[in-house]
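After the structure tokens below, expect a handful of questions from me.
Indexing begins at 1, ligand by ligand and atom by atom, following the structure's order. In this chain, numbering begins with 1 at the start of the sequence shown.
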Amino acid sequence: MAKAFFIDTTLCTACRGCQVACKQWHDLPAEITTNRGTFQNPADLTFSTYKLVRMTEEVIDKKLTWLFFPDQCRHCIEAPCLETAENSDAIYRDEDTGAILYTIKTKELDAESIISSCPYNIPRKAEDGTISKCDMCNDRVHNGLKPACVATCPTGTMNFGEREEMLALGEKRLAEVKEKFPNASLLDTDEVNVIYLVTHDSRLYHEYAMAPQSRKSGISRKVALRKMMKPF
Ligand code: SF4
Ligand code: SF4
Ligand code: SF4
């Protein structure tokens with residue numbers, strides 16, 4: 001059965017332990033950053049940054065409110081990036097865990113099509129055209145360990161396990177926070193294996209926290225055309 005994450009943003013303190021643990025496990029370099037007047041650092045996901053704690057400040061009900069969103073690949077149930085790769089072995093799904101995995105062969109793909117197919121704006125390209133993103137720490141999971149970001153999270157924000165368990169945990173937490181936050185919701189639960197609980201409009205956290213309608217089909221124009229041309 002597919003594995004899933006449940007990310008409870010109500011518990012996140014933006015300590016960025018998950019961001020650092022991801023880099024440590026994958027031996028990824030730090031980014032050169034500049035002071036942009038925000039604690040969010042780096043500014044965006046990159047080829048070497050698979051996990052980013054997004055931070056926004058909003059005035060909600062006349063109160064300054066921090067919104068934290070630990071962003072990463074959603075390991076989509078029907079992954080548009082995988083479909084766009086046309087089942088080349090450059091991108092594949094691990095049937096045991098449900099992880100969508102990118103290989104060095106992504107260099108041979110049309111990077112812009114893959115990137116624009118993602119409803120959550122996740123993959124990033126290196127100068128040589130190779131594309132990368134979160135790999136669910138699939139090596140750890142196959143060895144009975146939790147993903148590095150989950151193992152390091154001190155607050156219970158990051159959770160990982162069987163999809164049904166994560167959905168149940170998400171529903172339980174949603175019911176608990178609804179009284180205080182009536183607009184709380186779980187995002188795109190039927191479409192992804194990374195389930196977020198947010199307390200406010202998802203667009204306040206990040207433009208792509210939820211798949212925008214314009215990217216909802218998640219399929220590049222090329223793939224959409226090919227699908228239309230297929231014989232019934
Ligand atoms: Fe939030 Fe946990 Fe990441 Fe810290 S480690 S930023 S609490 S998700
Ligand atoms: Fe692919 Fe984007 Fe879905 Fe990740 S979130 S599996 S990169 S389509
Ligand atoms: Fe990084 Fe692994 Fe967490 Fe993905 S699952 S964000 S690769 S630490």
Side-chain angles (χ1 to χ4, degrees), residues 2-28 39-41 45-55 66-85 90-94 97-102 106 109 111 113-125 131-142 145-161 187-188 191-197 205-206 208-212 215-220 223:
K3 303 284 185 190
F5 296 76
F6 168 55
I7 303 184
D8 183 345
T9 68
T10 68
L11 301 177
C12 182
T13 59
C15 70
R16 286 182 287 208
C18 52
Q19 212 175 288
V20 173
C22 181
K23 282 202 180 270
Q24 279 181 331
W25 183 254
H26 293 86
D27 203 15
L28 292 166
F39 289 112
Q40 180 182 311
N41 226 344
L45 294 169
T46 72
F47 183 76
S48 306
T49 298
Y50 304 164
K51 175 99 177 180
L52 176 67
V53 182
R54 297 191 183 274
M55 307 183 191
W66 278 103
L67 299 175
F68 304 135
F69 190 85
D71 199 11
Q72 64 173 86
C73 169
R74 311 297 198 274
H75 298 281
C76 301
I77 293 167
E78 289 185 17
C81 62
L82 178 62
E83 281 204 50
T84 305
I91 299 180
Y92 66 100
R93 179 192 309 277
D94 180 327
T97 61
I100 303 295
L101 299 170
Y102 285 19
T106 51
L109 299 174
S113 298
I114 302 294
I115 293 166
S116 63
S117 75
C118 174
Y120 302 98
N121 191 28
I122 295 294
R124 294 292 186 272
K125 183 177 78 162
I131 322 169
S132 72
K133 63 163 194 70
C134 155
D135 62 4
M136 202 191 263
C137 288
N138 211 37
D139 51 351
R140 290 175 61 97
V141 174
H142 275 282
L145 297 172
K146 290 185 174 166
C149 55
V150 177
T152 206
C153 178
T155 63
T157 304
M158 299 293 308
N159 300 274
F160 183 80
L187 304 182
D188 290 342
E191 286 145 49
V192 296
N193 282 319
V194 179
I195 299 154
Y196 287 87
L197 169 61
Y205 293 76
H206 173 44
Y208 299 103
M210 224 171 137
R215 288 195 175 203
K216 200 72 178 176
S217 74
I219 302 173
S220 70
V223 174

Any donor-acceptor N or O pair under 3.5 Å, side chains Thr46, Ser48
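No, Ser48 and Thr46 have no side-chain donor paired with an acceptor closer than 3.5 Å.
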
Counterpart residues, salt bridge (Lys or Arg N to Asp or Glu O under 4.0 Å), relative to Asp8 (two or more places apart):
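Salt bridge (Lys or Arg N to Asp or Glu O under 4.0 Å) list for Asp8, sorted by chain: Arg173.
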
| message | How close do Val53 and Cys12 get, counting heavy atoms only, and between which atoms? | response |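 Looking at all heavy atoms of both residues, the closest pair is CG1-SG, 4.5 Å.
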
| message | Which protein residues come within less than 4.0 angstrom of ligand 1, counting heavy atoms only? | response |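 The answer is Cys12, Thr13, Ala14, Cys15, Arg16, Gly17, Cys18, Val53, Pro70, Cys153, Pro154, Thr155, Thr157, Met158, counting any residue whose heavy atom sits under 4.0 Å from ligand 1.
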
*Any residue meeting side chain to side chain donor-acceptor pair (under 3.5 Å) with Asn41, in chain and number order, not counting sequence neighbours*: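 Partners of Asn41 by the side chain to side chain donor-acceptor pair (under 3.5 Å) criterion come out as none, since no residue qualifies.
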
*asked:* So is Tyr208 touching ligand 2 or not, going by heavy atoms under 4.0 Å?
replied: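 False for this residue.
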
Does some non-hydrogen atom of Arg140 fall short of 4.0 Å from ligand 3?
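Checking ligand 3 against Arg140, which is what was asked, there is no heavy-atom contact under 4.0 Å.
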
Assess whether atom NZ of Lys23 is packed by more than 12 heavy atoms of other residues, nucleotides or ligands within 6.0 Å.
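Yes.
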
If I only include protein atoms of type N, O or S, how many are less than 2.8 Å from atom 3 (Fe) of ligand 2?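 My tally for this metal is 1.
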
_Sub-4.0 Å atoms of ligand 2 with respect to non-hydrogen atoms of Pro123_ =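 That gives atoms 7 (S) of ligand 2.
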
Could you point out which residue of Thr106, Ile122, Ile91 forms a side chain to side chain contact (heavy atoms under 4.5 Å, CB included) with Ile131?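 Only match with Ile131 under side chain to side chain contact (heavy atoms under 4.5 Å, CB included): Thr106.
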
Consider only side-chain N and O atoms of Asp135 and His26, and report whether a donor and an acceptor are under 3.5 Å apart.
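Distance-only check passes for Asp135 and His26.
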
Original post:
Has the side chain of Gln40 got a donor or acceptor atom that lies under 3.5 Å from a matching backbone atom of Met55?
Top reply: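 Yes, the answer is positive, given that a donor and an acceptor are paired below the 3.5 Å cut-off.
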
With atoms numbered from 1 as shown, which atoms in ligand 3 lie under 4.0 angstrom from a non-hydrogen atom of Asp135?
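Going through ligand 3 atom by atom, the ones under 4.0 Å from Asp135 are 7 (S).
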
Checklist entry - Side chain, backbone, both or neither: which part of Pro147 has a heavy atom under 4.0 Å from ligand 3? => result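 The answer is the side chain of Pro147.
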
